[in-house]
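First up is the structure itself, then whatever we jot down about it.
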Amino acid sequence: MSSLRDRFDVAVIGAGPAGSMAAKYAAKSGARTLLLEEHPAVGWPVECAGLLGLGAIAESELPGSSFVLRRMKGAAIYSPGGNRLDFKALDSRASVVDRRLFDRALACEALQEGVEMRLCSPVRRIRREGEESILSIG
Ligand SMILES: Cc1cc2nc3c(=O)[nH]c(=O)nc-3n(C[C@H](O)[C@H](O)[C@H](O)COP(=O)(O)OP(=O)(O)OC[C@H]3O[C@@H](n4cnc5c(N)ncnc54)[C@H](O)[C@@H]3O)c2cc1C
């Protein structure tokens, strides 16, 4: 059986938004790309309130918007001392997204570019050997 070293040019650790975008662009550039995620599913557990600026959503290059829960025109910020500061805009500047769906949509885009993904694959150690990086997984 061929080793991962022979089969892939690039390994991306973590299938969060940054990892999926990096893997997508590596694959688009012609690199055989492996995306390693420690959890059994992408986008879970959610560790984010989900507030994203519209610019960030546009940069994600996702075709649909099924992950958008609500558009925001303002916010109220409460200080620990109980003071309240309101922001209001005429237009929507940000959205609340479902991070589970958002992360999964980004990972799907990477897969469509030919990225191979492995779940339940925590990278424990990276060791340099000359020009190569050797990953310890699991
Ligand atoms: C409580 C909270 C609320 C937040 N609210 C917001 C918000 O409202 N708006 C906003 O824009 N940002 C928010 N953030 C920040 C936002 O979640 C992060 O900026 C964003 O998730 C970073 O994306 P990422 O792809 O770099 O990393 P992550 O989303 O953290 O993804 C990293 C991925 O790598 C995997 N991973 C990590 N180590 C390994 C390993 N060794 N091997 C394999 N897989 C690994 C993880 O399981 C994860 O899937 C919030 C963060 C927290 C904690």
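A quick note: this is a predicted structure, and the numbers were derived from the prediction, not measured. As the structure lists them, so they are numbered: ligands from 1, and atoms in each ligand from 1.
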Atoms of ligand 1 under 4.0 Å from any heavy atom of His39, numbered from 1 in the order shown, are 47 (O)
Notebook entry, point to check: Donor-acceptor pair, Asp9 side chain versus Arg32 backbone, under 3.5 Å?
Noted result: yes
Please answer whether the main-chain N or O of Ser136 pairs with a side-chain N or O of Arg124 as donor and acceptor at a distance below 3.5 Å.
no
d(Ser95 OG, Leu69 CG) to nearest 0.5 Å is 9.0 Å
To the nearest 0.5 Å, atom CG of Asp91 lies from atom CZ of Arg71 at 10.0 Å
Looking only at protein heavy atoms, what sits closest to atom 25 (O) of ligand 1 is Ala18 N, 2.8 Å
Exercise. Does some non-hydrogen atom of the protein lie less than 4.0 angstrom from atom 19 (O) of ligand 1?
Worked result: no
the protein heavy atom lying closest to atom 5 (N) of ligand 1 turns out to be Ala49 N, 2.9 Å
Counting from 1 in the order shown, the ligand 1 atoms closer than 4.0 Å to a non-hydrogen atom of Ser121 are 42 (N), 43 (C)
Atom 46 (C) of ligand 1: of Glu37, Arg124, Arg125, the nearest heavy atom sits on Glu37
Under 4.0 Å from atom 22 (C) of ligand 1, is there at least one protein heavy atom?
no
- Item | Glu47 and Arg99 ion-paired at < 4.0 Å | no
Check your understanding: Backbone N or O of Val42 within a donor-acceptor pair of the Arg104 side chain at under 3.5 Å?
Key -> yes
Ranked by distance from atom 53 (C) of ligand 1, the top protein heavy atom is Glu47 O, 3.5 Å
In this structure, OG of Ser65 is separated from CG of Leu101 (nearest 0.5 Å) by 11.5 Å
Under 4.0 Å between heavy atoms, the region of Arg99 that gets near ligand 1 turns out to be side chain
Q. Quick one: does atom 42 (N) of ligand 1 have a protein heavy atom under 4.0 Å from it?
A. yes
Leu52 heavy atoms within 4.0 Å reach ligand 1 at atoms 11 (O)
Ile13 N/O under 3.5 Å from ligand 1 N/O
no
The protein heavy atom nearest to atom 31 (O) of ligand 1 is Gly16 CA, 3.4 Å
- Item | Contact (N/O only, under 3.5 Å) between Cys48 and ligand 1 | no
Rounded to the nearest 0.5 angstrom, the CG-OG distance for Leu52 and Ser60 is 8.0 Å
Original post:
Under 3.5 Å, is there a donor-acceptor pair between the side chain of Ser20 and the main chain of Pro17?
Top reply: no
re atom 34 (O) of ligand 1, the protein heavy-atom contact at minimum distance is Gly14 CA, 3.0 Å
Please check if a non-hydrogen protein atom sits closer than 4.0 Å to atom 48 (C) of ligand 1.
-> yes
Kindly state if atom 27 (O) of ligand 1 has a protein heavy atom within a strict 4.0 Å cut-off, that is, under 4.0 Å? no
Leu51 heavy atoms within 4.0 Å reach ligand 1 at atoms 7 (C), 8 (O), 9 (N), 10 (C), 11 (O)
Under 4.0 Å from one or more heavy atoms of Leu36, ligand 1 contributes atoms 43 (C), 44 (N)
Shortest non-hydrogen pair, Arg100 vs Asp98, comes out as N-OD1, 2.9 Å
Quick note on ligand 1: atoms under 4.0 Å from a heavy atom of Pro122 include exactly 42 (N), 43 (C)
Are any side-chain N or O atoms of Ser29 and backbone N or O atoms of Ala31, one a donor and one an acceptor, separated by less than 3.5 Å?
no
State whether the side chain of Glu37 and the backbone N or O of His39 hold a donor-acceptor pair below 3.5 Å, judged by distance alone.
-> yes
The reported gap from CD1 in Ile137 to CG in Leu34 (rounded to nearest 0.5 angstrom) is 6.5 Å
The protein heavy atom nearest to atom 37 (C) of ligand 1 is Glu38 OE2, 3.5 Å
